Amino acid sequence: MTVDQLRELARRGHGVHSHSRTHPRLPALTPAQIEDELKGSKDDLEAALGRPVTRFSIPGGAYDDRVVDIARRAGYQAVMNSVEGYNDEAAAPFLLRRFTPRAYSDVSMLAGICERPGYTAARLAMKRVALAAARGVMGGAGYSRLRGLLVRGATLSGSRTRRP
């Protein structure tokens with residue numbers, strides 16, 4: 001997006017949040033590099049928008065304690081990770097779960113998130129157990145390869161148009 005497009009989104013009331021400067025895998029970086037990615041992105045966006053940038057979305061969902069600590073020190077009010085789920089409003093956590101619609105998401109999935117939170121939370125808990133078991137059996141690298149294939153396949157099938 002261009003700076004003008006970001007400003008227009010902000011003007012319309014959309015939240016504009018940081019996602020790093022170059023979209024790296026943050027845990028692979030040194031603390032100074034992580035700080036440059038997080039603080040630099042925040043500073044760049046605030047200068048362009050003329051307003052505070054309060055949230056940071058972790059690129060690729062990869063983070064460690066250093067990333068969370070540096071985000072806190074950089075002045076973010078919250079960090080959004082890639083873990084699906086609801087947040088406990090009473091706890092007001094710094095590290096937030098979220099739901100991310102994808103190209104293959106359908107209306108019934110989105111409706112379930114809103115209308116059946118108990119069912120959705122139970123489904124997510126079972127999914128986390130199954131994924132942890134798969135990682136344990138396949139190892140991290142094998143799981144990552146399989147996940148990449150499945151996500152690409154789901155994205156491709158969800159974005160196809162039907163022909164008569």
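Please read these numbers as outputs of a predicted model, since none were measured by experiment. Both backbone and side-chain heavy atoms feed into the values below; hydrogens, waters and symmetry mates do not.
- Applying the side chain to side chain contact (heavy atoms under 4.5 Å, CB included) test to Leu110 and every residue at least two apart in sequence or in another chain returns Pro101, Ile113.
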Can you give me every donor-acceptor pair (side chain of residues 29-37, partner residue at least two apart or in another chain, under 3.5 Å) with its distance?
| residue | atom | partner | partner atom | Å |
| --- | --- | --- | --- | --- |
| Thr30 | OG1 | Gln33 | N | 3.2 |
| Thr30 | OG1 | Gln33 | OE1 | 3.2 |
| Gln33 | OE1 | Thr30 | N | 2.8 |
| Asp36 | OD1 | Arg21 | NH1 | 2.9 |
| Glu37 | OE1 | Arg21 | N | 2.8 |
| Glu37 | OE1 | Thr22 | N | 2.8 |
| Glu37 | OE1 | Thr22 | OG1 | 3.4 |
| Glu37 | OE2 | Thr22 | OG1 | 2.6 |

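- Around the CZ atom of Arg51, the shell of radius 6.0 Å holds more than 12 heavy atoms that belong to other residues, nucleotides or ligands.
- Applying the side chain to side chain contact (heavy atoms under 4.5 Å, CB included) criterion to Arg11, with sequence neighbours excluded, gives Glu8.
- Arg66 meets the side chain to side chain donor-acceptor pair (under 3.5 Å) test with Asp64; sequence neighbours excluded.
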Throw together a table of side-chain donor-acceptor distances under 3.5 angstrom for residues 67-83, partners on residues two or more places apart or in other chains.
| residue | atom | partner | partner atom | Å |
| --- | --- | --- | --- | --- |
| Tyr76 | OH | Ser18 | OG | 3.0 |
| Tyr76 | OH | Leu38 | O | 2.7 |
| Asn81 | OD1 | Val83 | N | 2.9 |

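- Residues in residues 107-122 take part in no salt bridge (Lys or Arg N to Asp or Glu O under 4.0 Å) pair, two or more places apart or across chains.
- In this structure, Leu96 and Pro93 approach most closely via the heavy-atom pair CD2-O, 3.4 Å.
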Quiz prompt | Worked check of side-chain contact (heavy atoms from CB on, under 4.5 Å) between Val53 and Val16 | solution = CA-CA 7 Å; Val53 172; Val16 177; 5.7 Å; no

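- For the ring pair (Phe, Tyr, Trp, His ring centres under 6.0 Å) test, residues two or more places apart in sequence or in another chain that qualify with Phe99 are Tyr86.
- Between atom CG of residue Asp106 and atom CE of residue Met109 there is a gap of 6.5 Å, rounded to the nearest 0.5 Å.
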Extract all donor-acceptor atom pairs below 3.5 Å that involve side chains of residues 123-142 and protein atoms in other chains or at least two apart in sequence.
| residue | atom | partner | partner atom | Å |
| --- | --- | --- | --- | --- |
| Lys127 | NZ | Glu84 | OE1 | 2.7 |
| Arg128 | NH2 | Glu84 | O | 2.2 |

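- No continuous path of hydrophobic side-chain contacts links Val3 to Leu45 [ILVMFWY only; heavy atoms under 4.5 Å].
- Residues passing the side chain to side chain donor-acceptor pair (under 3.5 Å) test with Ser20: none are found, sequence neighbours excluded.
- Every residue meeting the salt bridge (charged side-chain N to carboxylate O under 4.0 Å, His left out) condition with Asp4, not counting sequence neighbours, appears here in chain and number order: Arg7.
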Would you list the atom pairs, donor with acceptor, under 3.5 Å between side chains in residues 54-61 and any protein atom, with sequence neighbours excluded?
| residue | atom | partner | partner atom | Å |
| --- | --- | --- | --- | --- |
| Ser57 | OG | Arg98 | NH1 | 3.3 |
| Ser57 | OG | Arg98 | NH2 | 2.9 |

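- The side chain to side chain donor-acceptor pair (under 3.5 Å) check on Asp65 picks up nothing, with sequence neighbours excluded.
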